[in-house]
Protein chains: 2
Amino acid sequence: MVNSSQPVHRTARERARAEITGEIVDAARRQLAIVGAAALSLRAVARDLGMVSSAVYRYVPSRDVLLTLLIVDAYDVLGAEVEAAEAAIDRADLLGRWIATGTAVRGWGLAHPHDWALIFGSPVPGYAAPQDTIRPATRVPEVLCGIFADAVTSGRLDTALVGDVSAAVGRAMEPVRTVVPRDRVPDPVMAGGLTAWAGLVGAVSFELFGHLHNVIDDHETFFAEELRRLITLIGLR
Amino acid sequence: MVNSSQPVHRTARERARAEITGEIVDAARRQLAIVGAAALSLRAVARDLGMVSSAVYRYVPSRDVLLTLLIVDAYDVLGAEVEAAEAAIDRADLLGRWIATGTAVRGWGLAHPHDWALIFGSPVPGYAAPQDTIRPATRVPEVLCGIFADAVTSGRLDTALVGDVSAAVGRAMEPVRTVVPRDRVPDPVMAGGLTAWAGLVGAVSFELFGHLHNVIDDHETFFAEELRRLITLIGLR
DNA sequence: AGACTGTCAAGAGCACTGCTCACAATTGTT
DNA sequence: AACAATTGTGAGCAGTGCTCTTGACAGTCT
């Protein structure tokens, strides 16, 4: 109990600090759900908590890092929900796993449109996403890569459905290869999977941002088949 | 010169008014390109024009309608560029027309990222897109429907590539049928085309909003093949 | 020519924002 | 119980969108 005293004393203060910081983030989330990211006001958050605006700055150094906290939070909630939905499907049911993933993504977006806009919409100007956000942001793509990899090993991919990938595109995907090696998800599947992922996000964004007005009636029905179309891009159906 | 005097005098006023309004929109566009939509300040626009902030309100009733003017403007510029790019391709070259369209869309987005965010990114909160924006917003989709329709009549679509469309999805697309009838673009092509369009916008948004960081190196190369993948969704390749 | 009318720039003002700072109160630790 | 780090306070700065009154001006009508 000699050297360990310092950590203990630290956690005492730090615990209270973390708790209040958590309350601030919670209040900010509540406000975000109502007014949106652009109108998120630090003063309003302070009011909501019954504290003075300047006091909040003791815990959150700026409005931008508050936004960062909310972004990380949103990515994590989305990631957790998607992981749970996908894990509930029989491993052999590849199409089912993709559909569960896509449906969970859309469901989360519909339930939290402002959070969706926060992470998939326009980045707030003058705001550069810090390193903290990139790891939670990879959770959903990681789930997808799991499906893609299993689809490859299952041998059930219709390679006639997907065209070849040029060497140049193979080189263009070099960065992602530090995380997902070629022998796990080969180039054509990776390329098609990325397009399917972008298509999925694009489809949900279209719906949430109102671009389907006067175009599509029953979004749910349309989206269900849209998922089936998109996954043909990796040769699955 | 008795009754016509009034109209003449009116247009005199209206002309000056329209000119100054145009200058305001131009200044706003310049500011938009620098600071983005969320940070667009009516006062800064006024300063830029050497007029006092309150004077701007004589021409533009609120910041929101200024945004609307910019949105309409952006849609029109994008639409014009895409139409020109697509019109330059041989009518029989269906794949070429789609690629020209997609490339023009991406090119415009890269050249005007803030305008892209304005129309395809998160809608500004508390702002409902008025009727004025929906017509210019249809210019690019209209170009696409032209390609789709020609692809259908050419008989060069590989129907084996695209799955059938359920009756429910056919009904879900009812709203768009007031503009694009079924005999022009049949259900399966329309559904695939919508998914391709959403995928195109999603792909460009991914690139512009930084979601391809540490994923893709050479966006241009990757995008070129991405276009080819997306259009297989209507059975073209 | 003079009265009238509609238009417009100017500037003060309101309520709000993010953020800083000096000062006071609190509180965990010694 | 006393110390010192930590936290809360309120004033203040510079900025925002927007409203309203005031005064100047130009075109129209009698």
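None of these values were measured; they are calculated from a predicted model. Sequence lines set the chain letters: A, B, ... in the order given, protein chains first and strands last, and positions in each chain run from 1.
Using a 4.0 Å cut-off between a side-chain N of Lys or Arg and a carboxylate O of Asp or Glu, Asp217(B) and Arg171(A) do not qualify as a salt bridge. Asp48(A) and Arg30(A) are joined by a salt bridge, as a carboxylate oxygen and a charged side-chain nitrogen come within less than 4.0 angstrom of each other.
Side-chain atoms of Val52(A) lie closest to dG10(D) of the nucleotides dC19(C), dG10(D), dT17(C).
For dC21(C), neither phosphate oxygen OP1 nor OP2 lies less than 4.0 angstrom from any side-chain nitrogen or oxygen of Tyr57(A). Between Arg17(A) and dT7(D) there is a side-chain N or O to OP1 or OP2 distance below 4.0 Å. For Arg47(A) and dT17(C), the shortest distance from a side-chain N or O to OP1 or OP2 is below 4.0 Å.
In this entry the distance linking CD1 of Ile20(B) with C1' of dA9(C) reads 10 Å, nearest Å. In this structure, Glu19(A) atom CD and dT27(C) atom C1' are separated by 15 Å, rounded to whole Å. Separating the CE atom of Met51(A) from the P atom of dT9(D) is a distance of 7 Å, rounded to the nearest angstrom. When the C1' atom of dA10(C) is taken as reference, atom CG of Leu42(B) falls 16 Å away, rounded to whole Å. Between the CG atom of Asp64(A) and the P atom of dG18(C) there is a distance of 11 Å, rounded to whole Å. Straight-line distance from the CZ atom of Arg58(A) to the C1' atom of dA5(D): 11 Å, rounded to whole Å. For Glu23(A) and dG8(D), the CD to P distance is 10 Å, given to the nearest whole Å. In this structure, Glu14(A) places its CD atom 11 Å from P of dT29(C), rounding to the nearest Å.
By the 6.0 Å and 45° rule, Arg229(A) stacks over the aromatic ring of Phe222(A). Remark: Arg106(B) fails to qualify as a cation-pi partner of Phe206(B) under the 6.0 Å distance and 45° angle criteria applied to the six-membered ring.
Under 3.5 Å, the side chain of Ser54(B) and the base of dA10(C) form at least one donor-acceptor pair of N or O atoms. Taking 3.5 Å as the limit, the base of dG17(D) and the side chain of Arg43(B) contain a donor-acceptor pair of atoms between them.
Ala55(B) comes within 4.0 angstrom of sugar-phosphate atoms only, judged by non-hydrogen atoms across all strands, and of no base. Nucleic acid contact for Leu66(A): none, since no nucleic acid atom lies under 4.0 Å from a heavy atom of the residue.
Side-chain contact of Ser205(B) with Trp116(B): a donor-acceptor pair under 3.5 Å is present, judged by distance alone.
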